[in-house]
J.: 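To start, I am sharing the structure in question, which I have written as structure tokens.
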Protein chains: 2
Amino acid sequence: MKSYHQYCSVARALDVAGDRWVLLIVRELLALGPSRYTDLRRGLPGIATNLLAERLKAMEAEGLVERHDAPPPVSATLFRLTDRGRELRGVLHALTAWGMEGMTPGPDAQDAVQPHWSALAGALLLRGGPDPGTEVVVGIASEGEMLHVVLRRDADGNAFEIRRGAAPAADVTLTGTSMLVGAVLTGVLSPAEAVGQGLRIDDPGQVLPGLVGAPAEPSA
Amino acid sequence: MKSYHQYCSVARALDVAGDRWVLLIVRELLALGPSRYTDLRRGLPGIATNLLAERLKAMEAEGLVERHDAPPPVSATLFRLTDRGRELRGVLHALTAWGMEGMTPGPDAQDAVQPHWSALAGALLLRGGPDPGTEVVVGIASEGEMLHVVLRRDADGNAFEIRRGAAPAADVTLTGTSMLVGAVLTGVLSPAEAVGQGLRIDDPGQVLPGLVGAPAEPSA
DNA sequence: CCGCATCCGGGGCGATACTG
DNA sequence: CAGTATCGCCCCGGATGCGG
């Protein structure tokens, strides 16, 4: 799209990241890390293939993403966020929080549903988090798909990685609709409420309450 | 624009607020409060008049803005943010922070420059803030225009109001280009550096350092 | 004047088909 | 697997008109 031609921080940001699909491409790369073109298409249902190619080129020119070849034996081109692109996490965080309001009615008939979107929302909005120095793995089985989220304590907040596939060793496993998984991870529903609505929680170590509860801050 | 049809919090947010101009309209209303159609046009150079009308209608339907008649004697329709619209402040904050990176080169030849954009960026990114219970008024004379920012301590962070026109009683006055005003308010430049580059600061009470410096937090 | 509605040209977007 | 090519359509941008 065209520039707004306004010397304003918001307008400049939107000049770069305001085009259609761009922030959703960032969402995919932020959630799943370096991804192949085809994987991006999977996570962006509805995008036209020429648009994805064009956006990736534009984002590369803007310094948001970079392409590099995957190490052998799997020869493939991967797209990953640059540091500058990863700094859009704050924007994604704010959009995620604001958009949660409209999620409670559940998906429309036309809506695509992919669990890693809920996982990302959960990772970004998590009220608590793992204890410093430790790692928590959340397994998710949803929409006939499996993935796992590795949560870690970082210098500024929580770091996370979301991977497709089953977790080698999950501390807690959530089984149910993407809507329920998202609701409990983002704190919209308490674990008990979510279970009441059909979510299955396998949490032998009782780590989930510490993740979705209020952070244990010493102040106040 | 069309919906993404993805059951994802980010996509849902962009379905509502992702259309071109929408977040800039929110910027205007967040910065200057309830505004008339014509005032919005002033703050949104480049927008087509039919688009502004259409967007306002759509945003009203989405519950972001509401229209109401100004009290007599000045008969005019005012547009203002709803609570839901005002909650987009977090998104604007994140976009402002991210977009600051591209501001240092200064405005292009084609760029419109309006000081209240810098004032908003400053109000959102202010590192410090007024002491609790007090109010600070920052006068700004920039681009041949005058405005003032009233800063107040709020429950969660800083509250602010930006008004066009000179301040009745400014605690500190900044005179210079919008770029320099913005840079010092957002912490990109220290007051001393900004003065070195041509900004004039009238600050008899020495309140500016407390505004743009690190907040006086008891921790650490 | 203020708050739009209408008309028109160009281009970005969305879908499909096709290729190295 | 990773795109390019092509083609409508509709949205955006700019100008103008017009009622209150």
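Everything numeric in this text was worked out from a predicted model, so none of it was measured. No hydrogens, no waters, no symmetry mates; every other heavy atom, side chains included, goes into these values. A note on names: the letters A, B, ... follow the listed sequences, proteins ahead of strands, and every chain is numbered from 1.
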J.: So for the helix from dC1(C)-dG20(D) to dG20(C)-dC1(D), with five pairs setting each end axis, what is the inter-axis angle to 10°?
T.: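 So the angle between the two local helix axes works out to 30°.
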J.: Please lay out, stage by stage, how R163(B) and E161(B) fare under the test salt bridge (charged side-chain N to carboxylate O under 4.0 Å, His left out).
T.: CA-CA 6 Å; R163(B) 300 280 164 246; E161(B) 290 173 25; 3.5 Å; yes
J.: Determine whether the side chains of N158(B) and R153(B) contain a donor N or O and an acceptor N or O closer than 3.5 Å.
T.: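 The answer is yes; a qualifying pair exists.
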J.: Quick check on dG13(D): is either OP1 or OP2 less than 4.0 Å from any side-chain nitrogen or oxygen of W21(B)?
T.: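 W21(B) to dG13(D) OP1/OP2: side-chain N or O found under 4.0 Å.
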J.: Enumerate all atom pairs, one protein N or O and one N or O from nucleotides 16-20 of chain D, separated by less than 3.5 Å.
T.:
none

J.: Just compare dA2(D), dG14(C), dT4(D) and give me whichever is closest to any side-chain atom of R20(A).
T.: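 Shortest atom-to-atom distance from the side chain points to dG14(C).
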J.: Consider the side chain of T77(A), meaning its heavy atoms from C-beta on, and name the nucleotide among dC13(C), dC12(D), dG3(D) that approaches it most closely.
T.: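 Out of dC13(C), dC12(D), dG3(D), the nucleotide with an atom closest to T77(A)'s side chain is dG3(D).
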J.: In whole angstrom, give the distance that lies between atom CG of L51(A) and atom P of dG11(C).
T.: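 After rounding, the reported distance stands at 17 Å.
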J.: Looking at E54(A) and K57(A), is any side-chain nitrogen of the basic one under 4.0 Å from a carboxylate oxygen of the acidic one?
T.: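 A salt bridge is absent here (no side-chain N lies under 4.0 Å from a carboxylate O).
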J.: In whole Å, what is the span from the CZ atom of F79(A) to the P atom of dC1(D)?
T.: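 Checked: the CZ to P distance equals 13 Å.
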J.: Given dA5(C), is OP1 or OP2 found less than 4.0 Å from the side-chain N or O atoms of K57(B)?
T.: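 Answer yes for this pair, as a side-chain N or O of K57(B) is under 4.0 Å from OP1 or OP2.
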J.: Looking at dG3(D), does its base get a donor-acceptor pair with the side chain of N50(A) below 3.5 Å?
T.: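 Counting by modelled atom types and ignoring angles, no donor-acceptor contact under 3.5 Å is found here.
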J.: Let me check something: any side-chain donor-acceptor pairs from residues 38-53 of chain A under 3.5 Å, sequence neighbours excluded? List them with distances.
T.:
from	atom 1	to	atom 2	distance (Å)
D39(A)	OD2	R36(A)	NE	3.2
T49(A)	OG1	Y37(A)	OH	2.8

J.: Return the value, rounded to whole Å, for the distance between atom CZ of R55(A) and atom P of dG3(D).
T.: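 Rounding to the nearest Å, CZ of R55(A) and P of dG3(D) are 15 Å apart.
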J.: Do the side chains of D111(A) and R12(B) get close enough for a salt bridge, i.e. N-O under 4.0 angstrom?
T.: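 Salt bridge flag = yes for R12(B) with D111(A).
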J.: Sequence neighbours left out, what passes side chain to side chain donor-acceptor pair (under 3.5 Å) with Q197(A)? Give chain and number order.
T.: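 In terms of side chain to side chain donor-acceptor pair (under 3.5 Å), with neighbours along the sequence ignored, Q197(A) is linked to no residue.
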J.: Without decimals, in angstroms, what is the distance between L52(A) CG and dG12(C) C1'?
T.: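 Distance, rounded to whole Å: 16 Å.
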J.: Would you say the side-chain atoms of E28(A) and H116(A) include a donor-acceptor pair closer than 3.5 Å?
T.: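 A pair is found: one side chain offers a donor N or O, the other an acceptor, under 3.5 Å apart.
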J.: What's the shortest heavy-atom distance between V149(A) and A119(A), and which atoms?
T.: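 Closest heavy-atom pair between V149(A) and A119(A): CG2-CB, 3.8 Å.
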J.: Report the distance from atom CD of E54(B) to atom P of dG3(C), rounded to the nearest whole Å.
T.: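 Interatomic distance, CD of E54(B) to P of dG3(C): 18 Å.
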J.: Kindly state which residues belonging to residues 33-48 of chain A come within less than 4.0 angstrom of DNA chain C, counting heavy atoms of the residue only, listed by number.
T.: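 Heavy-atom contacts with DNA chain C come from G46(A), A48(A).
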J.: To the nearest Å, how far apart are D15(A) CG and dG12(C) C1'?
T.: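 Roughly 16 Å, once rounded to whole Å.
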J.: Applying the side chain to side chain contact (heavy atoms under 4.5 Å, CB included) criterion to F160(A), which one of L124(A), L126(A), V150(A), V138(A) satisfies it?
T.: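 That would be L124(A).
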J.: From the options dG3(C), dC4(C), dC12(D), select the nucleotide whose nearest atom is closest to the side chain of R67(B).
T.: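 Nearest to the side-chain atoms of R67(B), counting from C-beta on, is dC4(C).
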J.: Would you be so kind as to tabulate the donor-acceptor pairs closer than 3.5 Å made by side chains of residues 170-182 of chain A, with sequence neighbours excluded?
T.:
from	atom 1	to	atom 2	distance (Å)
D171(A)	OD2	V137(A)	N	2.8
T177(A)	OG1	L180(A)	N	3.2
S178(A)	OG	S118(A)	OG	2.7

J.: Can you tell which of dG14(C), dC12(D), dT4(D) lies closest to the side chain of A53(A)?
T.: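 Side chain of A53(A) sits closest to dT4(D).
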J.: Could you grab the distance from atom CZ of R55(A) to atom CG of L24(A), nearest 0.5 Å is fine?
T.: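 Those atoms lie 11.0 Å apart.
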J.: With DNA chain D as reference, determine whether L56(A) or Y4(A) sits nearer its 5' end, using the nearest nucleotide of each.
T.: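 With L56(A) and Y4(A) compared, the 5'-side residue is L56(A).
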J.: Rounded to the Å, how far apart are K2(A) NZ and dG13(D) P?
T.: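 Between P of dG13(D) and NZ of K2(A): 7 Å.
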J.: Write down the distance between CG (D19(B)) and P (dC11(D)), rounded to a whole number of angstrom.
T.: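 Taking atom P of dC11(D) as the reference, CG of D19(B) is at 10 Å.
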J.: Just by distance, do the side chain of D108(A) and the backbone of H5(B) share a donor-acceptor pair under 3.5 Å?
T.: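 Pair absent, no side-chain N/O of D108(A) close to backbone of H5(B).
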